[in-house]
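Side chains are part of it too, since the values below use all heavy atoms of this structure and drop only hydrogens, waters and symmetry mates. Chain naming here is simple, since letters A, B, ... match the order of the sequence lines and numbering starts at 1 in each.
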Number of protein chains: 2
Amino acid sequence: MWSNHINYYLSMRTHELVLGWIEKQLSDGHLVLGGRLPAERALAEQLEVSRTSVREAIRILEAMGLVRAGVGSGKDAGTVVIAEPATALGSALRLHVATQHLPVADIVETRVLLESWAVSRAKADAPELKEAARLLGEMDASPAVDDFLALDVAFHLALAEAAGNAVVSTIMGSLREAIEGYAAALTANLPDWDSTAHRLRSEHRAILEAVNDGDGGRAATLVAAHIEGYYREAGLGQAPAETRP
Amino acid sequence: MWSNHINYYLSMRTHELVLGWIEKQLSDGHLVLGGRLPAERALAEQLEVSRTSVREAIRILEAMGLVRAGVGSGKDAGTVVIAEPATALGSALRLHVATQHLPVADIVETRVLLESWAVSRAKADAPELKEAARLLGEMDASPAVDDFLALDVAFHLALAEAAGNAVVSTIMGSLREAIEGYAAALTANLPDWDSTAHRLRSEHRAILEAVNDGDGGRAATLVAAHIEGYYREAGLGQAPAETRP
DNA sequence: TAGTTGATGTGGTTGGACCACATGACATAG
DNA sequence: CTATGTCATGTGGTCCAACCACATCAACTA
């Protein structure tokens with residue numbers, strides 16, 4: 001994309017120039033997490049470009065999970081630097097899945113790969129594991145399907161974070177988000193949700209127990225079987241017509 | 001982001017509406033790879049929004065590697081659907097690295113993870129391996145440092161593609177792109193490029209040979225050592241001041 | 001026939017205007 | 001003095017109308 005960090009004499013669209021300026025501010029530490037960009041009008045004047053171009057640049061940064069735009073004044077107002085790479089990557093992946101250039105099966109396989117690695121790497125004393133245990137407790141309260149799935153997401157994410165690799169956690173989260181729609185649709189295929197939920201809960205406990213025991217290999221095996229089993233049972237590859245590519 | 005596929009009564013920015021419309025066209029197959037979006041003015045009129053909003057949506061899709069905008073008329077003109085998820089993810093990751101929210105070390109570790117898996121999964125008869133072999137031949141011609149590195153990128157990508165998982169290949173490519181700048185800077189730290197290049201070439205051959213032998217385990221071990229060794233030798237974590245965060 | 005010229009259609013850019021929203025200062029009624 | 005309402009201010013969100021640069025193609029011309 002605008003990988004031309006430097007202002008080559010090459011043709012460069014105006015919003016790319018703005019993007020470059022902002023990226024430099026980020027790299028140089030003049031813009032930090034939680035910091036606010038200059039107002040659109042001010043930035044436009046400062047860079048001697050139109051407000052339109054500034055806005056296009058901000059739209060891109062927003063899509064990448066780097067900033068959040070808020071109207072009004074005070075606290076939540078203005079364009080603020082955030083750090084949400086997962087939602088950004090998730091959207092991108094989801095769109096490419098929509099064009100059928102990233103098979104859902106490949107996404108699932110990648111998720112298995114990353115999550116297996118994560119649990120095999122997780123330290124038994126990682127604080128995220130306590131959170132994971134707490135989430136399991138909530139899942140025992142027989143929540144509604146939607147709530148159960150939300151807790152499931154949080155549980156798996158907590159496991160991934162216990163490995164201590166931010167990139168793996170981020171990618172895991174975005175993969176999950178990219179096929180969220182699929183997962184929800186697939187759940188409708190399940191013949192007996194109650195028994196499935198019961199099985200999932202016990203599998204979750206087994207995985208967490210393996211991690212807590214420091215048995216990474218066992219945890220990896222269990223988590224791989226857990227994920228693959230779910231998608232197989234839900235009928236990945238035999239989705240109903242309205243969700244089939 | 002605009003994960004609201006449906007037009008909730010919630011406030012929805014106009015460009016998100018456009019985004020949703022385009023995504024639906026993609027999902028429904030009305031827009032296919034290589035196809036062209038309606039002209040900005042036409043789309044604006046059709047959706048009853050301003051051209052500005054249409055343009056903001058297109059900027060986002062462009063940033064995600066889903067479309068490419070071209071001026072003029074005829075062949076390369078108009079906004080056409082492409083499929084370049086790697087560049088998109090790469091840009092996003094690079095920006096988040098710039099904000100120091102994704103450690104370079106984590107990126108390298110993730111790359112090792114994915115690439116190890118890829119070579120252990122690669123089939124010995126994958127056509128990409130022939131391409132990889134050809135690239136190795138080119139690297140023997142003692143190219144300049146920049147060319148060597150470009151060939152190196154292509155070689156590793158070919159290896160990754162041999163595993164047949166589009167998501168893994170894509171993420172690999174984007175990880176590579178995200179730290180491209182770092183890698184180039186690190187290379188300057190190398191004490192003796194000629195001997196390093198010689199070593200890299202022989203390691204490449206050993207990896208490819210292991211894959212061709214169908215010995216995935218050996219290939220994985222070799223590729224992990226290869227990547228980690230390079231970054232260690234180049235001094236990851238002790239970059240010169242101008243590249244240090 | 002060969003070359004030039006202009007019409008057409010595309011994205012790129014700009015300036016200005018207005019809106020919705022959130023805040024804070026200020027005036028006013030109680 | 002307090003509480004309430006009102007208005008000025010600053011933010012992003014949206015729209016419009018115009019112009020530019022560029023690439024193609026058809027019509028015209030030498």
Side-chain angles (χ1 to χ4, degrees), chain A residues 1-2 4 7-22 31 34-82 84, chain B residues 1-2 4 7-22 31 34-82 84:
Chain A
M1 196 172 320
W2 70 98
N4 341 331
N7 285 13
Y8 283 108
Y9 42 85
L10 299 173
S11 81
M12 193 179 196
R13 281 127 102 212
T14 311
H15 74 264
E16 294 178 303
L17 182 147
V18 180
L19 235 14
W21 184 88
I22 297 178
L31 264 179
R36 288 171 46 162
L37 265 69
E40 294 178 355
R41 293 168 178 82
L43 193 49
E45 189 178 8
Q46 179 179 343
L47 300 183
E48 297 184 289
V49 300
S50 72
R51 192 182 158 205
T52 309
S53 299
V54 171
R55 282 181 60 79
E56 289 189 358
I58 291 180
R59 280 292 84 73
I60 293 175
L61 294 175
E62 196 181 31
M64 295 203 171
L66 259 147
V67 304
R68 181 210 57 203
V71 294
S73 84
K75 180 179 161 299
D76 271 344
T79 304
V80 180
V81 178
I82 61 177
E84 292 182 354
Chain B
M1 197 172 317
W2 71 97
N4 338 333
N7 284 15
Y8 282 107
Y9 43 87
L10 299 172
S11 81
M12 192 180 196
R13 284 128 102 210
T14 310
H15 74 264
E16 295 178 284
L17 183 148
V18 180
L19 235 13
W21 184 89
I22 297 179
L31 264 178
R36 289 170 47 163
L37 265 69
E40 295 178 354
R41 294 167 177 84
L43 193 49
E45 189 177 8
Q46 179 179 342
L47 299 184
E48 297 184 287
V49 300
S50 72
R51 192 182 161 207
T52 309
S53 300
V54 171
R55 281 181 61 79
E56 289 190 358
I58 290 179
R59 281 291 84 72
I60 294 175
L61 294 175
E62 196 180 32
M64 295 204 173
L66 258 147
V67 303
R68 182 207 55 203
V71 293
S73 83
K75 180 176 161 299
D76 271 342
T79 305
V80 341
V81 179
I82 61 177
E84 293 182 353

- Message: Students often get this wrong, so: under 4.0 angstrom with heavy atoms, is A:Ala39 touching a base, only sugar-phosphate, or nothing?
- Response: sugar-phosphate

- Message: Need one value for B:Arg68: base, sugar-phosphate or nothing, where a base atom within 4.0 Å counts as base even if backbone is also close, heavy atoms only.
- Response: nothing

- Message: Checking the side chain of A:Glu16 only, and the main-chain atoms of A:Arg13 only, is there a donor and an acceptor separated by less than 3.5 Å?
- Response: yes

Establish, with yes or no, whether the OP1 or OP2 oxygen of [N] is under 4.0 angstrom from a side-chain nitrogen or oxygen of [X].
X       : N      : value
B:Thr79 : C:dG11 : yes
A:Thr52 : C:dT13 : no
A:Arg51 : D:dG12 : no
A:Ser73 : C:dG24 : no
A:Arg13 : C:dG11 : no
A:Ser53 : C:dT14 : yes

Can you measure [X] atom [atom1] to [N] atom [atom2] for me and round it to whole angstrom units?
X       : N      : atom1 : atom2 : answer
A:Arg55 : C:dG15 : CZ    : P     : 16 Å
B:Lys75 : D:dC22 : NZ    : C1'   : 14 Å
A:Ile58 : D:dG12 : CD1   : P     : 7 Å
B:Arg59 : D:dG13 : CZ    : P     : 17 Å
B:Glu56 : D:dG13 : CD    : C1'   : 8 Å
A:Asp76 : C:dG24 : CG    : P     : 12 Å
B:Glu40 : C:dT13 : CD    : C1'   : 11 Å
B:His15 : D:dC15 : NE2   : P     : 12 Å

- Task: Run the salt-bridge test on B:Glu62 and B:Arg68 with the 4.0 Å N-O cut-off and return the result as yes or no.
- Result: no

- Considering only NZ, NE, NH1 and NH2 on the basic side and carboxylate oxygens on the acidic side, decide whether B:Arg59 and B:Glu56 come within less than 4.0 Å. no

- For A:Ala57 and A:Leu19, the nearest pair of non-hydrogen atoms, with its separation, is O-CD1, 3.6 Å

- Donor-acceptor pair under 3.5 Å, B:Arg41 side chain vs C:dG11 base: yes

- Query: How about A:Val54 and A:Val49: do any of their side-chain heavy atoms sit closer than 4.5 Å?
  - Reply: yes

- Along DNA chain D (nearest heavy atom to each residue), the more 5'-positioned of B:Ser50 and B:Gly74: B:Ser50

- Item | 5' precedence on DNA chain C between A:Glu48 and B:Leu37 (nearest-nucleotide basis) | B:Leu37

